[in-house]
Amino acid sequence: MTHTPHVAIVGAGPSGLFAAQALLRAHESVRIDILDRLPAPFGLLRYGVAPDHASMQGIQRALVAPFTSERVRFFGLVELGRSITRDELVAGYDAVIYAAGASEDRRLHVPGEELPGSRSAREFVAWYCGHPDAEAQQLAGVEAAVTFGVGNVAVDVARVLAASPARLAGTDMPGDVLAELRRASVRDVWVVGRRGPQHASFTTPELRELLGLDGVQPVIDPTDVAGIDETDLDRRVRGNLAALREAAGRSVPDAHARLHLRFWRRPVSVMGEDAVSGVVLERTLPAGGTSVVGTGERETIACQLVLRAIGYRGRPLAGVAFDDEAGVIPNRGGRVVRPDGTPSPGEYVVGWIKRGPVGVIGTNKSDAAETVALLLDDLAAETGVKDAARGPEVDALLASHGLEASSFADWEAIDAEERARGEASGRSRVKVASWSQLTDLVRHGRGGGPLEREHEGEAAPAAEAGLAGDDLS
């Protein structure tokens, strides 16, 4: 190979940044352009990890490393299919890595699912994490909430709903989010799974944290965690069962909320006329593999909020091959393949859009390494190398379209503004959560208004609160 390879990565979340790290380590001259629809990098780490999990957010310090290299450029506010096309991108680079994640959620497919008050956990997480696309969530009148799903997303939303306001007060949540959570009067939170606790995908530290919340009484049917053969269960599952058994026998005096974990239950319907008023569950039994069968035994839980946390799925990228059934970009080990099964030269994929929404954030590191190894093999064999007549790169493409991207320096301005807001309110950081203020920081170096002030028990004024969901246009 006689020229310096240039790689574009679509998506600045953990999978894309792990891919950039692997490329920088493995190739001494490769140049990398990282594109993202948002002006802030870090993806799921910034907008999908609960704000009271500071240890998880600390991973950001490691993931920022690629941006310190002179061989890496960041292009924020760039959306594939809208700012530039797939054909333009592929023509301009030796390789393109798609790292778009999985931004859709799976449905319950039961009557009443569309009622007001029934929504995805993804939407709820985006709101309390300060995503600029998130719609404000109203918790007025919510005394009981039911979450379907037994993974870490369900754990996170249950913890945020059940936790005392004091636990969340020091986080980077936007002020209007904290104010809404302070006003809330949630007394019962239900986490419901269609199979047994031995099949749940909780990680043990997160489950123990949820079960040990101050002032929250765990409510677990001892029969759900009894009589389980642990011979072939892995360490994580055994740890989960031990945590659940301990919690089943624990009494919390003067609890302000109850946390109910119900297993072997599946949703039959969401009840209500103009809004959610309850859910109907059916008891289940194992039916081989991951399947269950209903027993006909039903129960009703009164609630005002239903959150589905039963899995994510990928969303098609404009012009890029997509397997709609699996919700991923079709690939072999990270090489994108065409409908006939042959590799598409110069196109690669990492993360959830590659393998589906499985694993934790750290799983993306080995996943990215697998893809990058194939990419480098192809470069060495010159199967993915473009000739000297290749098309323009991102900066030139955007200029030709009359568009301007944000830079890593713009992210640093956003970061500084968030830290300043945190200092003004006695916190380490307060998220800038509106498109208008984010774009003001990018275009003008200022946040579009005075620093957000905290109002105990009430929302910050709209002009200062950075209300989520402002339209970019």
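Only this structure's heavy atoms are used, side chains among them; waters, hydrogens and symmetry mates stay out.
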Original post:
To the nearest 0.5 Å, how far apart are CZ in R313 and CD1 in I353?
Top reply: 9.0 Å
**OP:** Answer yes or no: does atom CZ of R250 have more than 12 heavy-atom neighbours from other residues, nucleotides or ligands under 6.0 Å?
**Re:** yes
Original post:
Would a 4.5 Å heavy-atom cut-off, applied to side chains only, mark R265 and T284 as touching?
Top reply: no
**OP:** Decide yes or no for L244 and L211: does some side-chain heavy atom of the first lie under 4.5 Å from some side-chain heavy atom of the second?
**Re:** yes
Original post:
Can you check whether L317 reaches Y98 side chain to side chain, under 4.5 Å on heavy atoms?
Top reply: yes
Original post:
Within the distance-only criterion (no hydrogens, no angle test), does the side chain of H131 pair as donor or acceptor with the backbone N or O of Y47 below 3.5 angstrom?
Top reply: no
Subject >> Check: R283 main-chain N/O paired with T295 side-chain donor or acceptor under 3.5 Å >> reply: yes
Subject >> Flag if over 12 foreign heavy atoms under 6.0 Å of CD, E423 >> reply: no
Subject >> Salt-bridge criterion met for D234 and R238 (N-O under 4.0 Å) >> reply: no
Subject >> Distance, nearest 0.5 Å, that separates CZ of F148 from CD1 of I310 >> reply: 9.0 Å
Original post:
Is the backbone of G351 close enough, under 3.5 Å, to the side chain of D367 for a donor and an acceptor to pair up by distance?
Top reply: yes
Original post:
Can you find a heavy atom in the side chain of V349 that is under 4.5 Å from one in the side chain of I97?
Top reply: no
Subject >> Passing candidate, salt bridge (charged side-chain N to carboxylate O under 4.0 Å, His left out) with R308, options E114, E113, E123 >> reply: E113
Original post:
Above 12 or not: heavy atoms from other molecules or residues under 6.0 Å from CG of D214?
Top reply: no
Original post:
What orientation do F124 and Y128 show, parallel under 30°, tilted 30 to 60°, or perpendicular over 60°?
Top reply: perpendicular
Original post:
Under 4.0 Å between a Lys/Arg side-chain N and an Asp/Glu carboxylate O for R159 and E206?
Top reply: no
Original post:
Which value, rounded to the nearest 0.5 Å, describes the distance between L210 atom CG and L261 atom CG?
Top reply: 6.5 Å
Subject >> Any donor-acceptor pair under 3.5 Å from E180 side chain to L139 backbone >> reply: yes
**OP:** Evaluate the ring planes of W190 and H260, with Trp represented by its six-membered ring, and classify them as parallel (under 30°), tilted (30 to 60°) or perpendicular (over 60°).
**Re:** parallel
Original post:
Between F67 and F74, how do the two ring planes meet: parallel, tilted or perpendicular, split at 30° and 60°?
Top reply: perpendicular
**OP:** Before accepting this row, confirm whether a basic side-chain N of the pair E418/R46 lies closer than 4.0 Å to the acidic partner's carboxylate O.
**Re:** yes
